[in-house]
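Whatever order the structure lists them in is the order used to number ligands and atoms, beginning at 1.
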Amino acid sequence: MSEIEKKVEGLSLADIPAGAVFVDGDKGKDEAGRGGKDAPYETAGFAVYSSGEATPIVIVKDGQMDLISASALKKAKKNADGIAKKVEKAAKAAEQQAAKDAEEAKKVEASKNIVIKEDPSLPKATKIKLRNVAAHKNTRVKVQGWIHRLRSQKGLVFIVLRDGTGYLQCVLSGDLANAYSTSQLTMESTIALSGQLSPVPEGKSAPGGVELAADYYEIIGLAPAGDESITNKVQEGADPSILLDQRHLALRGETLSAVMKVRASLLRAIRQVYDEEGLTEVTPPCMVQTQVEGGSTLFGLKYYGEEAFLTQSSQLYLETCCPALGDVYCIQESFRAERSHTRRHLSEYTHIEAELAFLTFDDMLDHIEKVLVETVKKVLEDPIAGPLVEQLNPGFQAPERPFLRMDYISALDWLNEHGIPNEEGEKFKFGDDIAEAAERKMTDTIGRPIFLTRFPLEIKSFYMKKCADDERVTESVDVLMPNVGEITGGSMRIDDLDELLAGFKREGIDPSAYYWFSDQRKYGTYPHGGYGLGTERILAWLCDRFTVRDCSLYPRFTGRCKP
Ligand code: 4AD
């Protein structure tokens, strides 16, 4: 016996009219097929809607049964009307949707019958790269690349094509827009399109001011849609480590690819400047058995059973080249097992280094200034890189000569006067390292390039020459740029053999592995100096990137050596 039958108080079982339906506001459910004693409805409105006005309704509450009151029945009838209207509306909508789906299916079927064919009567299309569109206006061309952006609007399909050399808007219309294969296109699919290149209509904009009215296309490779689509793989603003895992795809984005183009331009420009300045390019080894910038950041490797390292700097090798080739430079990877996990440190970076013979410290500073100013000028004048720098770093001001020259001791005064403390949180004193945070504050406050010179012997490398007028400090320089800090480090080199050997001793370095380097002081010593520029740091400054990681193709830093 059910709970209801046990607790009859209001209405006895015998009084229940034949064919009655039951409504229980607490335990019931409004679903078709209910209404019995053991499966009551929830609302009287639904009971009327389902069973009709004539069916008697029994209301169950707290185990008591009563016939529905006249007023409740009136309300229930009204509600039943509302339900009926809703159901009718839903049925209509479903019917309309079904008609729409059928129409769509018909369209898809029709689209499958469209055959995309090249019209042989059209002039032959000239195959071009997108960087050359301006030279082919009003001609029929064939372009190939990746679908960078895709949208359809009013029967037209707009594709922004990317081929690495540029972007081009291509418009598909008529059969091309309606073909089934067009509906299958996805971002990053590869495609070859032919058509007329024309200036974009008045009032519309597109990259380069031209667009392609496509008359034919061929799909080369479809990229995935759905979960695997490019927009799911590399979402803007995603966690940096996810974007780094997907670096191979993230590189296709407009920002990273722009930085890489500026990078190429910078390397080209600096090579040109070095050429104009009479320096010869050399390629020193990366696998070495000597250190340059301190043992703590050396990456070791086993070299046929011997101990070897990845180079920290090619400086020592460059020094050996001057007597053979004159002033030299190299653009080579340097490796640092860095303890500093900052936004300006990489484990592998592209090091631009130069070494110059028979010059004074001041000559070298002038040279560095010239190289930096001329290189940046060339990048800004480059028709590809110049506009990209403006896009990445709007309002960038090219540095002008002379740079502010400030020696280490004056920098300490400046920092103390401005209340910027040393790493212990105290006032700077002679011998303190000016760490990244303090250096950044000073550079950003001064707001222009600075030559910071004459660092103390004990905080610099073993090979640096002492200043003639103050033996506590060296003929050394760091070039500091706003927003980045140090981008270049250099010095005059010790040219006296005994002094160099004393330097090795001071640093606890065994001089025997360095015989080829020390020999430069034996076989015709000469005053010389040089410097190293961090490519990614110059780029971070030039392109206004937060971190040098954004300026390296596949950045390597603590914990990351992939992809
Ligand atoms: O100041 P550094 O250590 O100087 C040298 O290696 C000298 N032997 C160069 C020379 O005189 N030929 O490094 C030079 C520059 C720095 O100013 C910085 O721009 C860059 O190399 N650099 C780094 N860039 C990215 N990640 C790192 N871990 C870097 N370490 C240095």
**Message:** One residue to check: R537. Relative to ligand 1, which of side chain, backbone, both or neither has a non-hydrogen atom less than 4.0 Å away?
**Reply:** side chain
**Request:** Just go through E348, M464, R336, E353 and tell me whose heavy atom is the nearest to atom 30 (N) of ligand 1.
**Result:** R336
**Item:** L533 N/O under 3.5 Å from ligand 1 N/O
**Value:** no
**Message:** Just to be sure I'm reading this right: ignoring hydrogens, which of Y317, Y531, Y349, Y463 gets closest to atom 22 (N) of ligand 1? Compare them by their nearest heavy atoms.
**Reply:** Y349
**Request:** Looking only at distances, please establish whether an N/O atom of ligand 1 is found under 3.5 Å from an N/O atom of G489.
**Result:** yes
**Request:** Using a strict cut-off of 4.0 Å, indicate which atoms of ligand 1 neighbour a heavy atom of L346.
**Result:** 25 (C), 26 (N), 27 (C), 28 (N)
**Prompt:** What do you reckon, does G490 have a nitrogen or oxygen under 3.5 Å from a nitrogen or oxygen of ligand 1?
**Reply:** no
**Asked** If hydrogens are left out, which of E293, E319, E486, M481 has an atom nearest to atom 1 (O) of ligand 1, that is, the closest non-hydrogen atom?
**Response** E486
**Message:** Geometry only, no angles: is S491 polar-contacting ligand 1 at N/O separations under 3.5 Å?
**Reply:** no
**Prompt:** Any side-chain donor paired with an acceptor under 3.5 Å for T360 and D362?
**Reply:** no
Under 3.5 Å donor-acceptor pairs involving side-chain atoms of residues 293-300, not counting sequence neighbours:
from: E293; atom 1: OE1; to: S461; atom 2: OG; distance (Å): 2.7
from: E293; atom 1: OE2; to: Y463; atom 2: OH; distance (Å): 2.5
from: T297; atom 1: OG1; to: Q312; atom 2: NE2; distance (Å): 2.8

**Complete:** Nearest heavy-atom approach of L452 to A411 is CD1-CB, 3.5 Å
**Item:** T547 and D550: side chain donor to acceptor below 3.5 Å
**Value:** no
**Complete:** In this structure, atom 11 (O) of ligand 1 is nearest to the protein heavy atom R493 NH2, 2.9 Å
**Request:** Could you tell me if any non-hydrogen atom of I487 lies under 4.0 Å from any atom of ligand 1?
**Result:** yes
**Prompt:** Any nitrogen or oxygen of E338, main chain or side chain, under 3.5 Å from a nitrogen or oxygen of ligand 1?
**Reply:** yes
**Request:** Using distance alone, determine whether E355 and ligand 1 share an N or O pair under 3.5 Å.
**Result:** no
